[in-house]
Number of protein chains: 2
Amino acid sequence: MSIRNPKQALYEQFAIVAKALGHPLRLELIEHLAQGSRSVEALAAKLGQPIANISQHLQALRRAGIVSAERDGKYVHYSLADDSVLSAFASVRSVAERHLAEVDRIVRDCFDARDDIQPVTREELQALMRDGLVTLIDVRPADEFALGHVPGAINVPLGEIKAWSHCADPGREIVAYCRGPWCVMSFEAVAALRSVGHSARRLEDGMPEWKAAGLPVEMPA
Amino acid sequence: MSIRNPKQALYEQFAIVAKALGHPLRLELIEHLAQGSRSVEALAAKLGQPIANISQHLQALRRAGIVSAERDGKYVHYSLADDSVLSAFASVRSVAERHLAEVDRIVRDCFDARDDIQPVTREELQALMRDGLVTLIDVRPADEFALGHVPGAINVPLGEIKAWSHCADPGREIVAYCRGPWCVMSFEAVAALRSVGHSARRLEDGMPEWKAAGLPVEMPA
DNA sequence: CCGTCATTCAATAGAATAATTGAATGACGG
DNA sequence: CCGTCATTCAATTATTCTATTGAATGACGG
């Protein structure tokens with residue numbers, strides 16, 4: 001073991017944080033925790049993974065200071081340490097988006113048919129909502145909607161989008177949002193709505209980014 | 001191999017980037033590359049590591065889109081892909097600084113004696129330089145100074161600081177900067193200058209951050 | 001065309017990480 | 001106090017990562 005100067009010791013700590021971000025499952029955990037705090041069991045169900053595996057990944061994230069855990073009776077609720085985690089995630093994503101050819105390829109293959117849909121910015125949406133010009137739908141599952149959503153949004157989980165679209169006013173534009181910038185749900189919702197003749201667009205990013213931008217969040221009683 | 005949906009495929013790419021940041025040596029490479037582009041050999045010398053090892057780490061960084069390589073005759077010059085890398089590094093650092101107790105400990109143990117020195121902000125420094133009130137020194141090695149420095153700064157590598165301090169005007173405040181926020185050199189320079197009676201402070205962050213903020217950089221012919 | 005030199009590749013051994021399984025812990029409810 | 005249930009721990013195996021060594025590549029200079 002070589003003698004470490006303070007800088008190297010610090011860099012080892014920074015590396016612990018980066019390493020904790022360096023696994024797709026853990027990134028997905030962060031995305032879900034960004035919606036609100038969750039028990040181990042709930043996260044395991046969302047990700048379709050064994051509980052012990054999720055528990056260990058969560059502990060890795062906790063050791064890196066990325067999430068914090070709070071015991072509540074039988075359950076342990078995990079949540080993101082703070083918004084700096086989201087911004088670290090966003091920075092890493094930005095590097096990948098700019099410089100990895102594989103990211104380009106995936107986006108082209110899977111999202112390209114939909115890239116003519118210019119996302120609505122948060123400012124734009126606020127203006128549209130203020131003027132009552134659009135219907136805003138939150139396509140996340142009901143439990144995530146319940147943990148906080150954009151004021152005025154109605155919850156239409158992805159599975160119910162087809163049924164809901166028949167009742168919606170066809171002359172009114174629809175804006176959809178979900179968990180975050182690369183969450184497929186809002187892409188799919190917009191595609192489904194457009195396929196039955198609705199005018200629909202995505203909101204840029206998702207709920208966590210809305211909240212991190214300091215915009216109001218509605219929480220059901 | 002399980003079937004991957006597009007989101008998981010993207011998250012694997014993001015994880016590649018984060019994983020590449022997840023090693024202390026690679027973080028140190030990024031710090032050095034942030035000063036300017038470098039050959040493999042030069043980086044190996046700076047880090048005191050075998051060339052083959054550095055070469056492999058650089059290739060890991062390149063696969064993650066973090067650095068780019070350009071052949072120039074016998075030499076291959078590596079440089080940072082762009083400023084998004086610096087901001088990713090900064091985000092990771094920020095998470096570690098906020099949430100890792102070990103980072104606190106290291107900073108307390110190694111930098112605490114100097115924490116009464118409020119760093120000078122970039123704006124403050126610009127005003128002070130405009131009014132000619134301070135002497136600005138760049139305590140990095142001469143080769144890094146040559147790759148770009150703050151206009152008006154004079155190069156006083158750390159080893160020469162003691163000798164230089166005798167010639168410096170004792171009535172004039174000195175501001176020192178180096179490679180970045182946790183580069184020890186400017187801390188040590190300030191400590192050395194204060195120990196011989198000078199009034200000295202650190203600039204916040206270092207050269208790469210100055211440049212990333214869009215401020216002017218002086219490059220010798 | 002050949003030697004030199006910077007860099008990369010290939011192969012190895014050792015260390016760390018990931019997923020799985022089953023057992024242990026710790027808190028609630030009767 | 002006992003059974004139940006959410007979570008964590010411990011142990012195992014397979015995989016990946018790291019550092020080192022020595023050989024291969026590729027470009028320059030004579």
Side-chain angles (χ1 to χ4, degrees), chain A residues 1-4 8 11-30 32-33 37-64 66-79 143, chain B residues 1-4 8 11-30 32-33 37-64 66-79 143:
Chain A
M1 190 69 70
S2 64
I3 296 163
R4 298 196 314 272
Q8 287 173 323
Y11 277 28
E12 276 175 31
Q13 299 299 308
F14 302 159
I16 288 173
V17 173
K19 211 179 294 189
L21 294 173
H23 192 287
L25 263 185
R26 289 194 290 263
L27 290 177
E28 222 173 327
L29 282 172
I30 291 171
H32 281 281
L33 289 173
S37 92
R38 290 286 176 198
S39 68
V40 181
E41 183 182 43
L43 290 165
K46 294 248 179 213
L47 300 193
Q49 288 282 318
I51 292 179
N53 192 14
I54 294 301
S55 173
Q56 293 192 124
H57 281 299
L58 285 169
Q59 285 170 71
L61 289 170
R62 198 175 45 178
R63 277 193 299 273
I66 289 172
V67 307
S68 59
E70 193 183 345
R71 179 139 219 157
D72 176 24
K74 284 201 281 195
Y75 296 80
V76 175
H77 289 282
Y78 281 88
S79 48
D143 60 316
Chain B
M1 190 70 69
S2 64
I3 297 163
R4 298 194 315 270
Q8 286 172 323
Y11 277 28
E12 275 175 32
Q13 299 298 308
F14 303 159
I16 288 173
V17 173
K19 211 180 294 189
L21 295 173
H23 192 287
L25 262 185
R26 289 194 290 264
L27 290 177
E28 221 173 327
L29 282 171
I30 291 171
H32 281 280
L33 289 173
S37 92
R38 290 284 177 199
S39 68
V40 181
E41 183 181 44
L43 289 166
K46 295 246 179 216
L47 273 67
Q49 287 281 321
I51 291 178
N53 193 13
I54 294 302
S55 173
Q56 292 193 125
H57 281 299
L58 285 169
Q59 285 171 72
L61 289 170
R62 198 175 45 176
R63 277 193 300 274
I66 289 172
V67 307
S68 59
E70 194 183 343
R71 180 138 217 158
D72 176 23
K74 283 202 281 196
Y75 297 80
V76 175
H77 288 282
Y78 281 88
S79 48
D143 61 317

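Just so it is clear: chains get the letters A, B, ... in the order the sequence lines come, proteins before strands, and each one is counted from 1. As a basis for the values below, the full set of heavy atoms in this structure was taken, side chains included, without hydrogen atoms, waters or symmetry mates.
- Checked against side-chain contact (heavy atoms from CB on, under 4.5 Å), A/Ala52 has no partners two or more places apart in sequence or in another chain.
- Applying the salt bridge (Lys or Arg N to Asp or Glu O under 4.0 Å) test to residues at least two apart or on different chains, the pairs with a partner in residues 39-61 of chain B are B/Lys46-B/Asp143, B/Lys46-B/Glu144.
- Contact check, B/Tyr75 against C/dT8: no side-chain N or O comes under 4.0 Å of OP1 or OP2.
- Shown here for B/Arg26 and B/Lys19, the closest heavy-atom pair between the two residues is NH2-O, 3.2 Å.
- For residues 49-60 of chain B, no residue pair satisfies the salt bridge (Lys or Arg N to Asp or Glu O under 4.0 Å) rule, not counting sequence neighbours.
- For the side-chain contact (heavy atoms from CB on, under 4.5 Å) test, residues two or more places apart in sequence or in another chain that qualify with A/Leu43 are A/Leu29, A/His32, A/Leu33, A/Arg38, A/Ile54, A/Leu58.
- Listed by chain and number, the residues in a ring pair (Phe, Tyr, Trp, His ring centres under 6.0 Å) with A/Tyr11 are A/Phe14, B/Phe89 (sequence neighbours excluded).
- Under the side-chain contact (heavy atoms from CB on, under 4.5 Å) criterion, A/Gln56 pairs with no residue at all, not counting sequence neighbours.
- Atom OH in A/Tyr78 sits about 15 Å away from atom P in D/dA6, given to the nearest Å.
- Nucleotide D/dT7 holds its C1' atom 15 Å from the CG atom of A/Leu29, rounded to whole Å.
- Rounded to whole Å, atom P of D/dT7 lies 16 Å from atom CG of A/Leu61.
- At a threshold of 4.5 Å between non-hydrogen side-chain atoms, the residues B/Asn53 and B/Leu25 count as touching.
- Legend: residues meeting ring pair (Phe, Tyr, Trp, His ring centres under 6.0 Å) with B/His77, ordered by chain and number and at least two apart, are absent.
- Less than 4.0 Å separates DNA chain C from at least one heavy atom of each of the following residues of residues 14-28 of chain A: A/Lys19, A/His23, A/Arg26.
- Contact annotation: the side chain of A/Gln59 approaches that of A/Ser55 to within less than 4.5 Å [non-hydrogen atoms, C-beta and beyond].
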Q: Map every base of DNA chain D to its dot-bracket character, where paired means a Watson-Crick or G-U wobble contact with both distances under 3.5 Å and | marks a partner outside the strand.
A: ||||||||||||||||||||||||||||||
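- Minimum interatomic distance between B/Ile66 and B/Ile30 (heavy atoms only, all atoms of both residues): CG2-CD1, 4.0 Å.
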Name every donor-acceptor pair, under 3.5 Å, that has one atom in a side chain of residues 67-74 of chain A and the other anywhere in the protein, sequence neighbours excluded.
unit_1, atom_1, unit_2, atom_2, d
A/Arg71, NE, A/Gly73, O, 3.2

Using a cutoff of under 3.5 Å, can you pull out all pairs of nitrogen or oxygen atoms linking the protein to nucleotides 23-30 of chain C, with atom names and distances?
none

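- In plain terms, the two heavy atoms of A/Ile51 and A/Ala44 that are nearest each other are CG1-CB, 3.8 Å.
- Taken residue by residue, residues 48-60 of chain B places heavy atoms nearer than 4.0 Å to DNA chain D at B/Pro50, B/Ala52, B/Asn53, B/Gln56, B/His57.
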